[in-house]
Each structure stands twice: as structure tokens, then as C-alpha cells.
Amino acid sequence: MSDTTSITSDPAKEPVEQKALWGGGRSPFTISYGKFMMWIFLLSDTFTFSALLIGYGFTRHSFEGNTVTPWPTPDQVFNHFPFLHGMHLPLIFVSVMTFILMFSSVTMGFAVEAGHRMAKKEVSFYMLLTILGGIGFLGCMAWEWAQFINGTEAGKMLADGSVFHGANLHLNEYGPTAFADLFFIVTGFHGVHVLSGIIINSTIYINVLKGTYEKRGHYEMVEKVGLYWHFVDLVWVFVFTFFYLI
Amino acid sequence: MSNQHLNNEDHNNHEGNDQHKQTFISKYVFSMDHKMIAKQFLITGIIMGCLGVLMSMVFRLQLAFPDTPFPFMENFMGHWAKDGRLDPSFYLALITIHGTIMVFYVLTAGLSGTFSNLLIPLQIGARDMASPLFNMLSYWFFLLSSLVLVSSLFVDGGPASSGWTIYPPLSALPTAISGSGMGMTLWLIAIILFVVSSLLGGVNYIATVINMRTLGMKMTRLPLTVWSFLLTAILGLLSFPVLLGAGLLLIFDRSFGTSFYLSDIPADLAGGIERVGGSPILFQHLFWFLGHPEVYIIILPALGITSEVLATNARKPIFGYRAMIGSMIAIAVLSFVVWGHHMFVTGMNPFLGSVFVLGTLIIAVPSAVKTFNYLATLWKGNLRLTPAMLFAIGLVSFFISGGLTGLFLGNAALDINLHDTYFVVAHFHIVMGSAAIFGMMSGIYHWYPKMFGRMMNSTLGYLHFWITFIAAYCVFFPMHFMGLAGVPRRYYAITAYDQFDVFVNMNVFITIAALIGGAAQLIFLFNFFYSIRKGKKAEQNPWESNTLEWTTPVERIHGNWPGEIPHVYRWPYDYSKPGALTDFIPQNIPDEGQTDPLEETKPPVHA
Amino acid sequence: MKILIQLRQSIFLFSALFLLSFNIQSQSADEGAKLFKANCGSCHAIDQKVVGPALKGVHNKYDEAWLLKWIKNSQELIKSGDSKAIKAFEENNKIVMTSFTNLTDEQVKLIIAFVKSESEKAPVAEVAASANVENVETEPLPSIIIWLLVIVSILLIAVIITMKKVMSIIGSAEDLAIFNWNEINATLLIIFLVVGLGASFWEFFVHGAFTVLATPAASEHGTIYDSMFSITLALTGIVFVITQILLFWYSYRYKHDPKRKALYYPDNHKLELIWTVIPALVLTVLVVRGLQTWSSITDRKQAESAQVIEVFGQQFSWIVRYAGADNKLGPHDFRQIGVVNTVGVDPKSQTSKDDIITSELHLKLGQPVVLKFRSRDVIHSAYLPHFRVQMNVVPGLPTQFTFTPTVTTASMRKTLNDPKFDYVILCNKICGAAHYRMTTTVIVESPEEYNKWLGEQPKLVPAATTSEKVQPGETKLLTQKN
């Protein structure tokens, strides 16, 4: 069978003419279809998150200049830290969370690199760290939500004289309803992605331990889920920036 | 050591036709063969289309004969048509589901789903899609979505009834209209499933076209059908997620008390929770960010099919192949920046409106180029007026008519008096409900031999074409004038206003034409299903076409080609090439002495 | 003499009171009719089901106390478990009847009285033109026509198939095609072109006369609108005719001929450039002219000196609030809608005291007016086609449209030769079951007529009179909750 390229050498290293690159019979990006599909899926997922973040921007912008129900300043809301009750530590905790997620992205990168060298033990080690990092992030997020939902001692005075503490989908003590709604939905949607990433990573981790990829001869699957994990991390950067910093 | 294995190894390292043992279930039901999946999409699309057409017959009867009871309606719709009179809120439910079915289930899944699946691997020289598993899942999500939508017809409050555009607060407040209860929830679930199906498909189509072309199939040798499917898939990939986001927020507003799209709604209208701070206009922006590319997702494959059918049947190259590709790319890109033209009268900042006017009218340029290229393709051709060809010519006629009315609507100032009137209804039914459907019909007639190994009856095809073509113009052309007289759309009846009495007869005329047109589809349905078993057996290349799908055996095998996949030596439009012995040269035939597929073929030899 | 004078005075007083009582009675009947039209007419008629059930005899079917509760808040009554309410709800496909918490008991009673008097009238042979009631035709039954069409279609198909079979048998026997479909189709295409173009032209002239563009626009900006329209029509019309002719002509002229070879003509860059540039130029004209028109229509500055009128949309009626002498609308709160009054205007505020709430939109000829839109529940759209005005009415997002009416109702009636013509506001954004009946009348009149009419409408807070002492802070409105 002579039609296509059964590669014996790394195609990325071969200089290929432009004409031949797109001339059919090979992938022009020198990429397998599976990885390519992951890239385009991530592109589409970007748009889903963009829709939510644009909704956030649109809504928040409509509160510009509103002195009756102003949009709260994030560092007044997210200023707590586990075990340090009562201390005003604006955005410290969310920074820790972010660091954990980013660290897990780094370990994921190491896993991929080790996969290039077919180093099974290292791949499994780094993947484990990544999974733990993901679980840690989710745990932190859960704590953050709990804090948010339970609220502060001060609470908010309602029209009927009672005091409301914390937040739910239709009322919150921090500011307008939309603030809590968007917080839950955007971080929640992201959290679902982190969760699915953890599940997928765990599955692949088990496969690594079983030696599936040794048999296959390559660790491309680790790369593919790595891409997904990096994406999840990148989205978090944007969420963190828009929600907490700006 | 290879750590990058290319798909070609995976799929192409077996000869075609190595029949894994196939049971009925694995061959016809849970098939992973793209050709079977294409037929699954087609048949499901046709069935949904029949449902959509039936609904339109019912509400057209209501519009033409607003005070006449129709007892048969009560038989079908029960309490929604008590004493044979259609309930006004169920009328709105019918138009909503009609619109949803036609836009998504017929013209998106039924058109792109069918033909992308059928033609992409065949025309680029691949054994199957990049991921047959995702392909199969794409169909099953589509089927599930259809079933959920159909189930919404039977719920207590009726199906969704706020228009296929489901603007909140009407769609968000269950008390505002009966369909905004469970019916709307099911609609949203159906759409989410549909988006998943679409994304699974789109990801596959793009990966396949980019990665799996056979040797010699450069991007500039792709048939225009494949280009259109590629661009359509990219559009879908980038725009459907935004609908997903929009729908997600709507689900929360409906069921969890949030206020993304709601503002100044007192608690008693909103399930006991006061809603403040949101914006209904946010929904419209997010919705139309999908909604506009969606209509190009619908028309681009139809245009691609037309290019192919016109060229093959005119025995001439498509005129301006590169300009056609460029126009499609321009249309695809521009389609992302014009969504606001659906929102000119929302009270948006006029400057923003101006930006959208500019984009919208610019899109007319590539559309015009395509039309002129079609005309130039016909000029001095040798036209075989097959049913597919007639439908393609019909498409061009509708594309001209409907496209030109778009210039009125795209102009914000003119839109003031035209928005949400029958003028808009006429416009989109001509471009989508006529042009795009004709593209689908053209594709079905043309590629039927490839799908089923038999020919459809052409006499019935001619009959189907003529009745449908005339009926479609009779139905939709007069509607422009109704719109210009100020008749709004989505009205159960126009008899409440004396000034619209002049249109009573027109409504009757339109309905009768619609009934005839609807009935004519029975001819098509009969022809389609009858010919599967009893149609004349097809030859391998009945249309004497150049593209690769016609080099596969008639009986269709798994893996498409027995033996090796052909290499490609030329573009697909060498029809009536001077100096050639035949009036068509398939893509896999090299010039004399041409050994390298990537080498250009010789220019035409003029006598 | 004194006694005579006294007698005269008392007779006068008595007659006045007597006449007044009649006046009040007929005023009440008028009032009842007005209230019905403004609140109930969009969904109900007396003699037939419209959106909601026919109301004939409803005063007999349910007692007044029940009706008061039902009309003011039907959903609450249903939730409380009232069996009659639940039955009524389910009989009508569970379509929610909007609540009317703003109506006083007296007002509801007036409505019921109106329904009673209408029910007792003899069955109307002809249609009441003013109450938004549709033509009642008891004539059946084009159902037969439909069944006939179905049967005919099936027969047609059967005939054609049989014919085809016969033909092919004969054809194969004689080895020639009976029909040259190529010729037939090509000919049909040309016939279609001629008939189609002819029909389009015919329609343009005949149906074109029914459009609002057939008469001059009733507003100042309407003239530039119409001019933009005409330019677009001319340009697109030319393209339409030329391209359709070319399409069908080529399809006919170049139909298949086995002796002819098609021309291998893959491209012509000059030609392609021409037909890219020319459409671009044409579109530039449309864009430039269009944006000019758009910015002049949407110019915010016009609103600064315009008369302010609020148009409030709700399921399923329009309520109009005039700003009064101060040209300022009183502040409103959506939570007070249906509580202090129908539109939630704070009656205590200085600027609301001269506000006038009614259901008809009256406009002064030649006076720029800015309509400010607000919605109670869902998105509606105020569409006034004769004025070339349309604007979405969105809850939580105030919108507005400024224009100057230039043609009085009387004048338009003459132009259209229709003495019963009235301008209307049409709801133009799907808003629920009675979307197609959500309307109100618009009247353009001279300044004198306008001022006279406006003077007769009750203000939100009327001036104190001797007959009706109004306490400070008390309000007496057209629409006041007890």
C-alpha cells in the first residue's frame, strides 16, 4: 500500500514544501486527527465561555454609575482565608487557588514531556500530581462557594427589616442579584470543566499505569488530555481576571 | 520513533471492503459508516420536515379561513382545537415548532448533516470520517434531540410558543404564555442535544477535510461542495457554543430564579421571585450571534451543491472557482459581524446600528459575485435539465429574489417599517424555505444513485420541481406586499383590523398554493422511498461527473474504494476541455505523462 | 315673584339632576364600554370565543362577588383551590388571564353591567365594527376542498405513474423517447420567466396600492423613509429583472444539444472585477444614503424639544400617559404597577400631578412628539406603520422614538376614501396569546381639537372641586385601587 505516508521519522523535523504540505495524503499541520479534533473542540469551547463572559461584561456594564445597587468590589467580597477567620485578606485565597491550578498545568506539561520519552514512571507521577492539583482546586472552589453562600456576619438589611446573610440565586448580601448569579454560573461552568478534566485525567492515568500507551508506542493520549487541561487553566485565568481583578 | 501517528495509518492501513462481520444492528442502526449515517440524517430530516410542513398547513388554514371550524383539527390536536377552532396560543406553538424544525432539524442537520457526511470522505478520497465513532454519536444525539422536541408537543401546556427565537421574558416566564412551561424546558433540552450533535459533526468534518485528503487533493482542487461543508462546519463550531451559553442562562432564569435576561419583573409574574438587573437584549445579542451565522450554515451547503450540480449538468467548469471560494470565505467571516441587523428596533445605540448596516450590506457583494458566477456558468453551456439541475436553477432564482429583499431589511432605516412584518417572513422563506430547500432537493436527486445505487424517477422529479417552484413563489411573493402594508408576523388572524381586509383573498390564495405545494411533496416522498427498491439501477457515474465519489463502486462498500484510494491529478471542473477526448475528465485521471499528482495539468488546447 | 323664581329654580335643578342622572347612567354605560374595550376587548368578545371564552351571559353564570375576585386576580383564585376557577382555567387550555388588580370594584361592576347589556341585545346580524370583533361566519366548510385536493393529488400521481409505465412500454417497444423532457423543461422555464415577471409587475401595481407606501407618510421623517425605499426599490428592481431574465434565458437558450460542445470558460478576471466593483458601488450608495436616513431619524436632539408621551405596553393592551403641562412624566416604580395605578406612577410626586392616563394616543398635528416606551411584563413592540414608526417595548429598558405627525386622521380618511379609517398602534413582537389583538387607536388632530380632548381627560390628581372634595394626598384616578 503505497498511497500515503507511513512515517518512520518524525515528520515535524522534515522540511516539507508548502505544496506537498497541503497537497493531500498527509496532515498539513503534521498532527493526528485526534489531536486536531481536540484543538478545534477547544476553539468551540472558547466561544461558549466567551458567551458567558460577554454576558458578564454586558450585565456589569449596565450597572456602571448605579449608586442605588452598585456592583460590589471583588476584594471586599473575596477577602477570607481558611483557618484565618475574621482577617481581611483580599483575593489571597483565590490567588492560592489559581496557583494550585497553574501548578497542576505545569505538572501536566512535565507528564507530556515524559511521554515523549516513553518514561512511564515519570508520566504517571506527574499525572498524579496534576489530578491532585485539580482536586485541590475544586476543593478550594467548594470552600469559596461555601463562604460566599453563607455570607458575613453583617449581612444585608432587607425592606421588611430582616437581615439576609450570604447568597443564593435570587438574593445576595453583596450587591445586585446578577453578581451572585454570574459568579455561580461562570465559576460553576468552569468547575464542571475541571471536574470532567479530573475524571478524564484519572481514566488516562489508569491507562498509563496499565501500560496501554507503552503497548501503543506513543503517549499521544496524554498530550490530548493535556491540551484540555491547559485550556481549562487558561479559561480560569480569564475568569479570575474578569471576576476578581477588574 | 514515531509518536505522531497520522490518521492515514489508522484508517488506510487496511484495504477497502474487508468486511468485518456486520449484523443488521451494526450495519443499519448503530452504523459507523459515513454513508449510512448520511442516510440516517437524511431520513430523520425528511420525517421532521414532514411534521414541519404539516404544521404549516394547519396554521395556513387558520390564516386563510380564520372563522371556519375544521373538525379534523380537533381529531389531531385535541383540546388545542376545540370545536375545530385553533387555539390562539397553540397557533403560536405551531409556528414556533415549525420554525425550530425547519431551521435546525431540516436545513441544518438534514442538509449539512446528510451531505457533509456523504460527500466529504468520498470527494476528498478518504475511507471514512476522521472519527467514525463521533460521527455515529453525532447522529444519535440528533435523533435524541428530535425525539425530545416531538415529545414537547404532548405536554400539558403545549410546546414552546414564543417563536423559534424564544426571546425572554416571554420564554422565561411560564405565566406569560402556556408554552413557556414544560414545553419550553423540553425545547431547551432538545436544542442542547442538537448543539452537541452539531459540534461532534463539525469537529469531524473539519478534521477530515484538513487531514485526510488523498494525495494530490490540494485545497484548490477540492470540489466546491467540500469547501462549503468545511466553512459551514467552522461557522457552526464557533457560533453554536454561544447558543449553548445563551440557553444555559435562560434555563437558570426559568428554573432557578436568576435575572440574567429579566428586569423590572414583579414577583407575581415570575414565580414568586422579583427579577431586577438583567437585560432581555443580552439574550438577543447572544442568540443572534448564533442566529445569523446559522442562516449561512444553512445556505452555504446549498450553494456548494448548486455549484457542483450546475457545473456537472452544464458540462462546463464552474465559472470563477477561486472567486467562489473567496466569496464563501468572505461570507463566512462577515456573517459573524452582522447579527445586530435582527435588532435594529430594540432601541440600540444608533451608532451600533450603523456598524451592522455596513456589515450587512457588504455581505451582499460576495453573494452577488456568486450569483453572477452561476449565470456565467450557464452561459454557453450544454445544459442537461435533470431534476437536480432544475432545482439548482430554482435555487439561483430564489437566491436572487430573497437576497435582494435582504438589502431592504439590512438598511436600518428601512427596517423600521419592515421589521417583524410579513416582508421579513417573505424574505427568509424565499432564501431558506425555498432556496436552501431546493439545494437540498437538488442534492438528493443528484446523489441518490450514490446513496442507494438506483435512480429516482425523473418524470416525477420534473413534476415535483414545477409544482413546488410555482407554489413557492405563489406563497411567498405576495407576502412582501402584506408586509409593506404593515401586517405583522406571528399574528393568529389579521381580521381584527379593517385596514387589512384587502388581504383576506390573498391569504386564501397563499394557503391554497401552500396546500398544493405541500401536497406536491408527496410526489417526492413516493419517488424517494419507492426508488430505493424499485428505481432503475444506477451506473457507476450516471451524470458523467468528475468528482471522486463517482469512482467508487455502485454497491457501496465499507472503506469506499476496493484496493487503493485514487490519487488526484486535476481540479474537479475539467468539463468540455478543449483538446480532451471526452467531455469530462475525472479528477483521478492524469494527463499524459503526468506522474506527480501535485503537478499542474496542461492548459486547454484551443483549436 | 320669589316663589315663581324659586319654583323655576327647583324645576331647573330637578330637571338638571334628572338629566344628569341619565347622563350619568349613559356615561356609566359609555364608561363600561370604554373599560371593556381598553381592558377586556383584546381577549374577549360577547358572542364568540376569541382568545378567551365568549362572555355572553357570564353575569348569570357566576355571581358578582366571584367575578370581582376572578377578574382582579384569576391566578390567585385558582391557587386558592376554588373549583369554579379551576374548571374555567382548564376549560380554556390553562391560558393565564392577566390580572387586573388596578381596577376598582366600581369599574369591574361597570364592565359586568356592560356585558349584561350587550348579552341582552338581540343577536347582531351585522358585525360591530368598533369592538374589535372578528367577522362571524358560520358558513362551512372548505374542509371538503382540502379532502378533494388530497384525493385529486393522489389520483394525479396514480395517473402519472400509469401513464409513465404505459409510455415506457411503448417507448421501449419503439425505442424512442415519447417526451423530450429537455425541450419541455426549457420551454417551461421560459414560460415561467414571462409569466413570473408579468405577475410580479401586476402584483407590484395592484398589491402595491395596498401598502402604506402608496399614500404619503403621515410623519415628517416618513418622507425621507419613503425616498430611501424608492431608491432601494429602483436599484434592486433593475437587478431583479436583469438577473432573472439572464437566468431563465440562458437555461432555455443553452439547453442540451448533443451536437454542441459547451464552452470551457473557467474564469475571466476582468469580468469578475467588474461585477465585484459595480455591486460594491451600488451598495455604497445604499449604505451612505441609508446611514444618512438612519441618523436623521434617530437623532436624539429632536427629543429635547418634543412633547413627551409615555406608551406603556402590557399583556394585552396599551396605556398612554400624557405628561401634562409641565411636559415631564411623573416617576414610576415597577413594583407599584397595579398597586397605585396601572402604570406604577407615584401620584404624590410633583411632576405626576398633571399626568393623564388613558388608552388612546392623541397627537397634535405638526408637533414633534417623543413616545417613551415601557413594558410591564414581556417584550412588545409599538408599530405605527403609517407614521413609519416602530420601537420595541422592553421591560426594564426604556426606549423612545421621536417623530412629527403631518397628516390628520380626517385627512387620511379622505385620502384613503375610508371614513372609518383610524391610525393604530400594532403590537409587533410576539407577546402571548392575544398578541394579534393588542392595539389601540391613534388620532392625529389639530391643536385645538387635541387641547379640547386632553382637557376633558381626568388628571392623575385632579384639582379640588366643590362637588368632590379631594383630601391632600388622596388620588382619584381613572385607574385607582380602593
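In what follows, every chain begins at residue 1, and chains take the letters A, B, ... in the order their sequences are listed.
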Look at the aromatic rings of C/F192 and B/W466 and report parallel, tilted or perpendicular, splitting at 30° and 60°. tilted
May I ask you to decide if B/P488's main-chain N or O and C/N428's side chain share a donor-acceptor pair within less than 3.5 Å? no
Can you say whether [X] sits under 4.5 Å from chain C via the side chain, the backbone, both, or neither, judging by heavy atoms?
X      : value
B/W571 : side chain
B/D415 : backbone
B/Y575 : backbone
B/L460 : side chain

Is the distance between the ring centroids of B/F481 and C/F210 under 6.0 Å? no
Please tell me whether B/F319 and C/W275 form a close aromatic pair, meaning their ring centres lie under 6.0 Å apart. yes
Do the non-hydrogen side-chain atoms of [X] and [Y] ever get within less than 4.5 Å of each other?
X      : Y      : result
B/Y321 : C/P266 : no
C/H256 : B/N382 : yes
C/V394 : B/T346 : no

With side-chain contact (heavy atoms from CB on, under 4.5 Å) as the test, would you mind laying out the steps for B/R275 and C/F334 before giving the verdict? CA-CA 11 Å; B/R275 315 295 179 102; C/F334 78 95; over 6 Å; no
Verdict with supporting geometry, C/K429 and B/D420, salt bridge (Lys or Arg N to Asp or Glu O under 4.0 Å): CA-CA 7 Å; C/K429 187 61 79 182; B/D420 254 18; 3.4 Å; yes
Could you walk me through whether C/K94 and B/S178 pass side-chain contact (heavy atoms from CB on, under 4.5 Å), step by step? CA-CA 7 Å; C/K94 297 198 185 159; B/S178 25; 5.7 Å; no
Indicate the atoms forming the closest heavy-atom contact of B/R490 with C/I430, along with that distance. NH1-CG2, 3.7 Å
Residue pair B/D498, C/K420: steps toward the salt bridge (Lys or Arg N to Asp or Glu O under 4.0 Å) verdict: CA-CA 9 Å; B/D498 292 338; C/K420 290 198 279 176; 5.2 Å; no
So what's closer than 4.5 Å to chain B heavy atoms on [X]: side chain, backbone, both or neither?
X      : value
C/F229 : both
C/F421 : side chain
C/R335 : side chain

